[in-house]
Amino acid sequence: MTKQDDQLIQPEKFWICSECDLLLNRCAVPDQFEAHCPRCQSTLVASKHRSIERTLALAIAGLILFFPANLFPILSLNALGLSQSETIFTSVKALYDSHLYAVSGLVLLSAIVVPLFKLLLLIYLSSCLLLHKPAPLLSWAMKSYQQMDSWGMLEIYMLGILVSIIKLVDVAEVTPGIGLYSLTGLIITTLLTSTQLDKHRFWRRIEQLERRTCNNQR
Amino acid sequence: MQQSALSRGLITCHCCNKPAHLRHEGQKCNRCGTRLHARIPNSLTYTWALLVASAAMLLPANLLPIMTFKSLGQGDPATIMQGVIQLLEHDMLWIALVVLTASIIIPLLKIVGLVILLLTVQMGWTTNVHQKMLMYRFVEWIGRWSMLDIFVVAILAAIVQLGNLASVVGNTGATAFAAAVILTMLAANSFDTRLIWDKHLELSEADT
Ligand SMILES: [Zn+2]
């Protein structure tokens, strides 16, 4: 192979494994099938049935659950007539009051801001893609979503709640609140969204829509 | 015949996976606008630096107390390990194991795992490449779970505010621990797994 031959290669005809850089001939992946890299087994494409519709539905459900999960107490503690309840935000504030500003900022981000932002970005993205409506910042939204993905830590917060309950069993009576049930629902919808989101389909649609806006401007 | 895309002048966008011709380092992806690089620039240097920093943070994270649990005015600041021991004393073996795993074993395993991966690339330990990839995926996936103890401190500090009866406050160890977790997550992100396969191909070509 010479350099000139390489220039004739059309990049669109290939897949490149993002984990091991293997070059593969592109082929169509039928609905609901996955393609894995033959060398390192990482997922190349995971095609999902009705990915955009389902992502939108799950993200809306998640947004609805987000509010009770954050507004209602997750746990309440009763001891000798005294009681105290906890929401995600009061746990952030408790760290702030302990003068752990950086840590409270981190918990605020990973348990409130990032999960909310992820849901809003998904609703914006999937509704625009579903309606074939060219909109500004689509690729920015998708990029931000992907970057935020690993910084949302609601499921770990949940494990923290379980550990706290067990730690407090001896000390006082702990009762779960409405917030805890909403939080459970929110975590399930978040996990389902990440399995239903077909990254490649989203990016292809975004590309189509952005090309259309470019042509309209001309 | 296995060949890397780079050897044919193709690269892939790390953000949206669109393949493109490599023209020059730092060209922009025409779909999402991310700057494209053949490999993550200075991947090994950054990963080493972040790893050393997180290892350094693990010391204060484990030696300094992360919270003070006072009941009836009594109680001393406790480190992560003391918290685990307290759980054991209360016969909560399983939960003690969960906390021990998330806050002490996982961070250590992550650092050891990433060091092995870095040495794989630098020293050419490319036997069992598949095992190394599994190791990377594990390190990447498990990292976030170490935040568990920080959340426990946050939740306890919020809920246990019963005046003199019982109260919980967080201590500085929590900051060091959170920093260690974030630094290992960043270290895993800055490691480029494609370097392992580059080295693997390079060595197997040298053999033949
Ligand atoms: Zn691969």
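These values consider heavy atoms only, across backbone and side chains, with no hydrogens, waters or symmetry-generated copies. Lettering follows sequence order; numbering is per chain, from 1.
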Problem - Part of Ser139(A) within contact of chain B (heavy atom distance under 4.5 Å) - result: side chain
Exercise for the section: Hey, could you give me the NE2/OG1 distance between His37(B) and Thr34(B), rounded to the nearest 0.5 Å? Expected result: 9.5 Å
Exercise for the section: Can you tell which part of Ile155(B) gets under 4.5 Å to a heavy atom of chain A, answering side chain, backbone, both or neither? Expected result: both
Fill in the blank from the handout: Most contact-rich option vs chain B, by heavy-atom pairs under 4.5 angstrom, among Thr90(A), Ile156(A), Leu95(A), is Ile156(A)
Fill in the blank from the handout: So, the part of Leu168(A) with a heavy atom under 4.5 Å from chain B: the answer is side chain
Handout entry: Inter-residue atom distance Thr195(A).OG1 - Lys48(A).NZ, 0.5 Å rounding
Key = 6.0 Å
Practice task
Heavy atoms only, distances under 4.5 angstrom: which of Ser85(A), Ser83(A), Ser150(A), Ser110(A) has the most pairs with chain B? Name it, please.
Solution key: Ser150(A)
Exercise for the section: Kindly say whether Ala187(B) contributes a backbone atom to a donor-acceptor pair with the side chain of Ser190(B) at under 3.5 angstrom? Expected result: yes
Problem - Minimum heavy-atom distance Tyr181(A)-Pro176(A), with the two atoms named - result: OH-CG, 3.9 Å
Problem - Heavy-atom contact with chain A under 4.5 Å, split by part of Leu6(B) - result: both
Problem - Ionic contact status for Asp97(A) with Lys93(A), cut-off 4.0 Å - result: yes
Exercise for the section: Could you please state which residues from residues 144-154 of chain B sit under 4.5 angstrom from chain A, measuring non-hydrogen atom to non-hydrogen atom, sorted by number, or 'none'? Expected result: Arg144(B), Trp145(B), Met147(B), Leu148(B), Ile150(B), Phe151(B), Val152(B), Val153(B), Ala154(B)
Fill in the blank from the handout: Bottom line for Leu106(A): the part with an atom under 4.5 Å from chain B's heavy atoms is side chain
Fill in the blank from the handout: Comparing Val103(A), Val174(A), Ile88(A) against chain B, the one with the most heavy-atom pairs below 4.5 Å turns out to be Val103(A)
Problem - Least distance between heavy atoms, Thr127(B) atom then Lys132(B) atom - result: O-NZ, 3.2 Å
Practice task
Would you check if the side chain of Lys118(A) reaches a backbone N or O of Gly152(A) as a donor-acceptor pair within less than 3.5 Å?
Solution key: no
Handout entry: Option in Ala157(B), Ala178(B), Cys16(B) with maximal non-hydrogen atom pairs under 4.5 Å from chain A
Key = Cys16(B)
Problem - Residue part contacting chain A, namely of Ala20(B), when any heavy atom lies under 4.5 Å - result: backbone
Problem - Short side-chain to backbone donor-acceptor contact, Ser43(B) and Asp192(B), under 3.5 Å - result: yes
Handout entry: Heavy-atom pair count under 4.5 Å with chain A, highest-scoring of Arg137(B), Met67(B), Met133(B)
Key = Arg137(B)
Handout entry: chain B contact via Glu19(A) - side chain, backbone, both or neither, heavy atoms under 4.5 Å
Key = both
Handout entry: Heavy-atom proximity to chain B below 4.5 Å, by part of Thr87(A)
Key = neither
Problem - Ser98(A) side-chain N/O to Ala94(A) backbone N/O, donor-acceptor pair under 3.5 Å - result: yes
Handout entry: salt_bridge(Asp21(A), Arg39(B)) N-O dist < 4.0 Å
Key = yes
Handout entry: Check: Asn62(B)/Thr79(B) side-chain N/O donor and acceptor closer than 3.5 Å
Key = no
Exercise for the section: Name the region of Val129(B), side chain, backbone, both or neither, that has any atom closer than 4.5 Å to a heavy atom of chain A. Expected result: neither
Handout entry: Closest contact, heavy atoms only, Val92(A) versus Ser104(A)
Key = O-CB, 3.3 Å
Problem - Residues in residues 68-76 of chain A that sit under 4.5 Å from chain B, counting heavy atoms only - result: Leu75(A), Ser76(A)
Exercise for the section: Would you mind telling me which of Leu44(A), Ile166(A), Leu24(A) has the largest number of heavy-atom pairs within less than 4.5 Å of chain B? Expected result: Ile166(A)
Practice task
With a 4.5 angstrom heavy-atom cut-off, could you sort out which part of Thr175(B) is near chain A: side chain, backbone, both or neither?
Solution key: both
Practice task
Hey, can you tell me if His130(B) and Trp197(B) have their rings parallel, tilted or perpendicular (30° and 60° cut-offs)?
Solution key: perpendicular
Problem - Contacting region of Gln41(A) [heavy-atom separation from chain B under 4.5 Å] - result: both
Practice task
May I ask you to say whether Arg201(A) pairs ionically with Asp31(A), meaning some side-chain N is under 4.0 Å from a carboxylate O?
Solution key: yes
Exercise for the section: Look at the side chain of Tyr136(B) and the backbone N and O of Ala188(B), then say whether any donor-acceptor pair between them is shorter than 3.5 Å. Expected result: yes
Fill in the blank from the handout: Turns out that what part of Ile159(B) lies under 4.5 Å from chain A's heavy atoms comes down to both
Handout entry: Cys37(A) vs Trp15(A) side-chain heavy atoms within contact, under 4.5 Å
Key = no
Handout entry: Shortest non-hydrogen contact between Ile16(A) and Ala5(B), atoms and distance
Key = CG2-CB, 3.5 Å
Exercise for the section: Nearest 0.5 Å please: distance from the CZ atom of Phe89(A) over to the OH atom of Tyr96(A). Expected result: 10.0 Å
Problem - Leu201(B) portion near chain A, given a 4.5 angstrom heavy-atom threshold - result: side chain
Handout entry: Parallel, tilted or perpendicular: rings of His99(A) and Tyr101(A) (30°, 60°)
Key = perpendicular
Handout entry: Side chain / backbone / both / neither for Phe69(B) at chain A, heavy atoms under 4.5 Å
Key = side chain
